[in-house]
Amino acid sequence: MEWILDLPWNTYKESELDITQAEAILNEDHFGLDKPKERILEYLAVQTLVERIKGPILCLVGPPGVGKTSLAKSIARAMGREFIRLSLGGVRDEAEIRGHRRTYVGALPGKIIQSLKRVKYNNPVFCLDEVDKMSTDFRGDPSAALLEVLDPEQNYAYSDHYLDMDYDLSKIFFITTANALHTIPLPLQDRMEIIRIPGYLETEKMQIGRRFLLPKNISLHGLKEGNISFSDNAMLEIIRRYTREAGVRNLEREIASVCRKVARKLVEGKELDKGYSITVQSLQSYLGVPQFRYGEMEAVPRVGVCTGLAYTEMGGEILMVEAAIMPGSGKVEITGKLGDVMQESAKAALSYLRSRSALYGLRHDFHKEIDIHIHVPEGATPKDGPSAGITLATTIISALLNIPVRNDLAMTGEITLRGRVLPIGGLREKLLAAHRGLIRTVIIPAENEKDLKEVPDAVLKDMTIITVETMDEVLSKALVCNDPEKVFCRMDVNDVPLAETLLKEEYRVERRH
């Protein structure tokens, strides 16, 4: 009875919705993130016109450190509502969401009801953090318990096991955050509006570092504005050589580290008004030796080495794929801690190559006399996904034919047994990774051309994007071929059937012999 009486059944926090002020607050707290901000302002605009609107369920998906949770806080501030954050990371018990039945000793309501009792209002902004980190065991599936909470058609009559009464959650603005979608069950995804928050460009990180992170850390470490200043080159050096991330969390840590060292110097020298200017030359004395290499492409074209692009929970990454050919008995070794999907891509690439052996001037049984070792460096890092298919195929063909692959080019795309190039996901993040690695030419599937609208103009103007539909086009662009007798040199990418014609001619010759 105490729980029922303490809950804010009809207590709502009234706030004057001013779209202009809300936009100013969102821009003040976050740099960029235009699409999420636009969606929030649309919701606020509709709410000013309609008295009752079902609370939306937004899911902010992006790499760590891009500002998903802090954006939810800013939304609450812009709307003038209370903010609740509930971390779902590691939650395995369904009762954490829906409560325990009263027959159990020590029974309590679920976290949703407990949080509402704490804030004393029935229309807060409710952030369900790390919704992709929930797991399942014998105590039930918490993600299934969230289905009723996050369904606008059902949550007006939400039933907690402890209360055993219907409770209206329809006025709550639910926001969920996740690093990846593939671990969220599809029925739960269907109830949420997915908004992707991509990684930041270098220029955006510079602005965030100067306008948000530096003033924040100066204040936290008891410094004054005149005590410390960063040159633009020093800030860029930290971004390029001391951090490698899609967000800005590590950038903030490095700035905080410099601030701590400056604070110590001020206290030891008892000169609290002294100013320190951080330059590229002095940066190593504060942060030590740079941890990362900037510009990851090979110095020269090499045989059996190809640059691929991958999309992980941490954002876009560059993958260097290597292949070595040795005398043997037809074994294929794949190393680098690759997942099942990526290993299957390697097998599909090899089967495609064997089916076209005549076109490449190889004997049909060439694979029986050699062993192929495919390796993706950084072996301790797990890698998976189908988008490295054309990279693997290009690497193997380069090693077999002893033709180098362009070092200034990266590629991404899934391969079929017929040599078609299928579309992939995460194109924006992959192009950002290529741009960060100083790679200026990228091969992408033709069906992904429409996704280039999501890529910032600052990236596209520095890059040459090549769209392809078949593996033949990939090879004609990627291999460094100076021999006019080679098929790749004679191939016209606008006349794809040429490769098919050559293949048929080779087969006819083989059959006659």
Side-chain angles (χ1 to χ4, degrees), residues 293-311 316-323 345-346 349 352-353 360 374-378 383 385-415 419-424 426-449 451-452 455 458-483 486-494 496 499:
R293 182 163 63 99
Y294 176 67
E296 298 169 50
M297 67 180 184
E298 291 287 325
V300 294
R302 299 184 187 278
V303 173
V305 178
C306 187
T307 306
L309 299 172
Y311 176 48
E317 294 288 343
I318 290 177
L319 291 181
M320 302 303 297
V321 181
E322 302 174 344
S345 291
Y352 163 77
L353 173 60
Y360 301 139
I374 303 167
H375 179 63
V376 183
E378 295 190 30
K383 313 165 192 76
S387 63
I390 65 172
T391 312
L392 292 163
T394 304
T395 307
I396 297 170
I397 291 171
S398 166
L400 282 168
L401 302 182
N402 200 32
I403 301 175
V405 183
R406 285 176 57 182
N407 61 311
D408 62 340
L409 176 143
M411 60 183 71
T412 179
E414 184 177 356
I415 190 176
R420 289 188 58 224
V421 180
L422 300 184
I424 44 81
L427 181 66
R428 186 188 197 274
E429 289 77 10
K430 290 176 180 178
L431 291 181
L432 289 184
H435 189 267
R436 191 167 61 234
L438 298 182
I439 294 172
R440 295 296 179 253
T441 305
V442 179
I443 293 176
I444 66 169
E447 292 183 47
N448 280 114
E449 190 171 4
D451 299 323
L452 292 174
V455 182
V459 172
L460 288 179
K461 74 177 184 181
D462 289 342
M463 306 186 81
T464 302
I465 308 296
I466 302 172
T467 58
V468 296
E469 295 182 354
T470 66
M471 195 64 210
D472 298 328
E473 296 175 75
V474 175
L475 296 176
S476 69
K477 290 292 185 183
L479 298 182
V480 180
C481 181
N482 299 317
D483 185 355
K486 294 288 185 183
V487 172
F488 314 114
C489 292
R490 292 183 284 136
M491 194 177 296
D492 182 0
V493 293
N494 297 316
V496 177

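Sequential numbering from 1 along the given sequence is applied to the chain's residues.
- Side-chain contact between Ile444 and Leu452: present, with at least one pair of heavy atoms (C-beta onward) separated by less than 4.5 Å.
- Counting only heavy atoms from C-beta outward, the side chains of Thr464 and Arg440 never approach each other to under 4.5 Å.
- One finds the CD atom of Glu449 at 10.0 Å from the CD1 atom of Ile465 (value rounded to the nearest 0.5 Å).
- Counting only distance, with no hydrogens or angles, the side chain of Ser398 and the backbone of Gly304 share a donor-acceptor pair below 3.5 Å.
- Looking at Thr395, its side chain does come within 3.5 Å of a backbone N or O of Thr391 through a donor-acceptor pair.
- Looking at His435 and Val459, their side chains come closer than 4.5 Å, going by heavy atoms from C-beta outward.
- Between Asp451 and Asn448, some side-chain heavy-atom pair lies under the 4.5 Å cut-off.
- When every heavy atom of Gly389 is checked against every heavy atom of Ser345, the shortest pair comes out as CA-CB, 4.2 Å.
- Atoms CG and OG1, on Asn407 and Thr307 in that order, are 7.5 Å from each other to the nearest 0.5 Å.
- To the nearest 0.5 angstrom, Ile443 atom CD1 is 4.5 Å from Leu409 atom CG.
- Note that the CE atom of Met471 and the OG1 atom of Thr394 stand 3.0 Å from one another [nearest 0.5 Å].
- The two residues Ala399 and Ala323 make their nearest non-hydrogen contact at CB-O, 3.9 Å.
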side-chain contact (heavy atoms from CB on, under 4.5 Å) between Ile466 and Thr441, intermediate numbers included: CA-CA 7 Å; Ile466 302 172; Thr441 305; 3.7 Å; yes
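- Ser387 pairs in a side-chain contact (heavy atoms from CB on, under 4.5 Å) with only one of the listed residues (Ile415, Leu309, Thr412), which is Thr412.
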Arg302 and Val405: CA distance, side-chain angles, deciding distance, side-chain contact (heavy atoms from CB on, under 4.5 Å) verdict: CA-CA 6 Å; Arg302 299 184 187 278; Val405 183; over 6 Å; no
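- You'll find the side chain of Pro445 reaches within 4.5 Å of the side chain of Ile424, heavy atoms only.
- Side-chain contact between Val321 and Leu392 is present, with heavy atoms from C-beta onward closer than 4.5 Å.
- Looking at heavy atoms from C-beta onward, Leu422 lies in side-chain contact with Arg420 at the 4.5 angstrom threshold.
- Inter-residue side-chain proximity for Val442 and Met411 is flagged as unmet; no heavy-atom pair is nearer than 4.5 Å.
- Residue Asp472 holds its CG atom at 13.5 Å from NZ of Lys477, rounded to the nearest 0.5 Å.
- Taking CG of Leu460 as the reference point, atom CG of Leu431 lies at 7.0 Å (rounded to 0.5 Å).
- No option in Val480, Asn402, Leu401 other than Asn402 meets the side-chain contact (heavy atoms from CB on, under 4.5 Å) test with Val303.
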